[in-house]
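Naming: A, B, ... by sequence-line order, numbering from 1 per chain.
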Protein chains: 2
Amino acid sequence: MIRLLLAEDQGMMRGALALLLNLEPDIEVVAEAGTAAEALRAAASTRPDVALLDIEMPDGSGLDVAARLRDELPDCRVLIVTTFGRPGYLRQAMEAGAAGFLVKDGPVEQLAAAVRRVLAGERVIDPALAAAALSAGPNPLTDRERDALTAAADGTTVADIAVRLHLSESTVRNYLSAAIGKTGTRNRIEAAHRARANGWI
Amino acid sequence: MIRLLLAEDQGMMRGALALLLNLEPDIEVVAEAGTAAEALRAAASTRPDVALLDIEMPDGSGLDVAARLRDELPDCRVLIVTTFGRPGYLRQAMEAGAAGFLVKDGPVEQLAAAVRRVLAGERVIDPALAAAALSAGPNPLTDRERDALTAAADGTTVADIAVRLHLSESTVRNYLSAAIGKTGTRNRIEAAHRARANGWI
DNA sequence: CCGGCGCCGGGACATTTGTCACGGTGAAAC
DNA sequence: GTTTCACCGTGACAAATGTCCCGGCGCCGG
């Protein structure tokens, strides 16, 4: 019997997937979590064979959970399941030691199959997405450029970003300008969109 | 037997929900759709009792589908299911004649229950969301303000918006300024965020 | 030891953005 | 018939943004 941890913040999705996976004769959902913190706690106490992790959760990223699990439960295979097939997400997932990466667009039948395959030691990755990740290249933004762009993305003004990051306004403008240049865009809004689409911020 | 149409663009979610609803003894999913166009076609050919519609679909809004269904299949109850509990969405859904409005955060058990309740003639709406919709008030933006803000949201520059909307740059700036004023924000980015959060654009 | 690079800052400049005051039209509301 | 409001436009101005210089520090690899 495959013991499985399911971390997903949308209640309806989580419930539906849990029900569906429990229908499989060789799979048992031993823990459900709606937040990153819950996922870590549940993993520690139930020690599942496979962890099915969503990326977007209210209190943190499933990618961070994956990285923690690699250290704390090295035998537990991690399968990332996400809405957005962003190249940067896939890259981060691989760096965090994930064994598989699925997008929620695909058919449900993929899911149980993927669980069995990662447990067998296989890597499960959408080929089209892998190609996109390779072609997009690594994240070109430096730490500070990311910070500045992330802050700017929600409309925060240069002055406020400077305060939040303990920087001068000139520096913030320089970082934003660099980010705009590296993303090949015309302003901070386009830069933020592009960076998000690639999973860079 | 309740004949049900399921329209939802995420394959995994759609598959899981279809499976789950088919487990109910009195519900049968007679059609599945991944786009707005498919939903309309399927509804016309299968004439379901209840239509379960997602809002965000690649080729159009489930709210538009709801409005069309009201004219073409007046006997079909519409139940909107969406990720985002935005006040404006709820308002639009009610105006489009929907019988119910669910957010995907809730437990799955809600779903089958809601289907039965709308079929019984009841209205199904999350109370907290209804309160938010009332307190947020109606969409304060005029058509053109919405157009300008929508275009500005993805980083398009004033000059380009003017071209796309066949307006002068001054006019576009005036609309954006009005939108910023009405949303009580400091710039177009914040205005776009606020408008999106309220379901105004 | 030197070069490259991430990090931090300053100053100056052109461009873009946001605000305000103003005028005119047409359609709907009272 | 007047008022109201969405709509479209102009011109001018202040503020924010984006770009390009410049300087310095510390760290790492060749």
S.K.: Heavy-atom count around A/R146 CZ within 6.0 Å, excluding the residue itself: above 12?
M.R.: yes
S.K.: Answer yes or no: is there a side-chain heavy-atom contact under 4.5 Å between B/L4 and B/P48?
M.R.: no
S.K.: Specify the separation, in whole Å, of atom CD1 of B/I189 and atom P of C/dT16.
M.R.: 16 Å
S.K.: When you compare the side chain of A/R188 with that of B/I189, does any pair of heavy atoms fall below 4.5 Å?
M.R.: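 Result yes, sub-4.5 Å side-chain heavy-atom pair found.
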S.K.: Taking the side chain as everything from C-beta on, heavy atoms only, tell me whether B/Y175 gets closer than 4.5 Å to B/L149.
M.R.: no
S.K.: Main chain of A/R3, side chain of A/D49: is a donor-acceptor contact present, judged purely on distance under 3.5 Å?
M.R.: yes
S.K.: Take atom CG of A/L176 and atom C1' of C/dC8, then tell me their distance rounded to the nearest Å.
M.R.: 14 Å
S.K.: Could you tell me how far apart A/L141 (CG) and C/dG6 (P) are, to the nearest whole angstrom?
M.R.: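 It is 11 Å, rounded to the nearest whole Å.
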S.K.: May I have the distance from A/I180 (atom CD1) to C/dT16 (atom P), rounded to whole angstrom?
M.R.: 13 Å
S.K.: At what angle, to 10 degrees, do the two end axes of the helix from C/dG3-D/dC28 to C/dC30-D/dG1 meet, given five pairs define each axis?
M.R.: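 Roughly 30°, once rounded to the nearest ten degrees.
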S.K.: Would you find a donor on one side and an acceptor on the other, under 3.5 Å apart, between the side chain of B/N22 and the backbone of B/V29?
M.R.: yes
S.K.: Checking the side chain of A/R91 only, and the main-chain atoms of A/A133 only, is there a donor and an acceptor separated by less than 3.5 Å?
M.R.: yes
S.K.: So, do B/L129 and B/Y89 sit near enough that their side-chain heavy atoms are less than 4.5 Å apart?
M.R.: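 No, every pair of side-chain atoms sits at 4.5 Å or beyond.
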S.K.: Tell me the interatomic distance from B/N187, atom CG, to D/dG18, atom C1', rounded to whole angstroms.
M.R.: 15 Å
S.K.: Just wondering, do B/V81 and B/M13 contact through their side chains at under 4.5 Å, heavy atoms?
M.R.: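 Of all side-chain heavy-atom pairs linking B/V81 with B/M13, none is under 4.5 Å.
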S.K.: I need a per-nucleotide contact map over nucleotides 5-11 of chain D, read 5' to 3'. Cutoff is protein heavy atoms under 4.0 Å; write B for the base, S for backbone only, - otherwise.
M.R.: -SSSBB-
S.K.: Taking atom C1' of C/dT19 as reference, at what distance in whole Å does atom CZ of B/R186 sit?
M.R.: 16 Å
S.K.: Can you pull out the residues from residues 152-160 of chain B that lie within a 4.0 Å heavy-atom distance of DNA chain C?
M.R.: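 B/T157, B/V158 - these, ordered by number, are the residues of the stretch whose heavy atoms sit under 4.0 Å from the strand.
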S.K.: Of the options B/E109, B/E122, B/E24, which is the one that meets B/R116 in a salt bridge (Lys or Arg N to Asp or Glu O under 4.0 Å)?
M.R.: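 So the option named by the test is B/E24.
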S.K.: Under 3.5 Å, side chain of A/E145 to main-chain N/O of A/L141, donor-acceptor pair present?
M.R.: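 No; judged by distance alone, with no hydrogens or angles, the pair does not exist.
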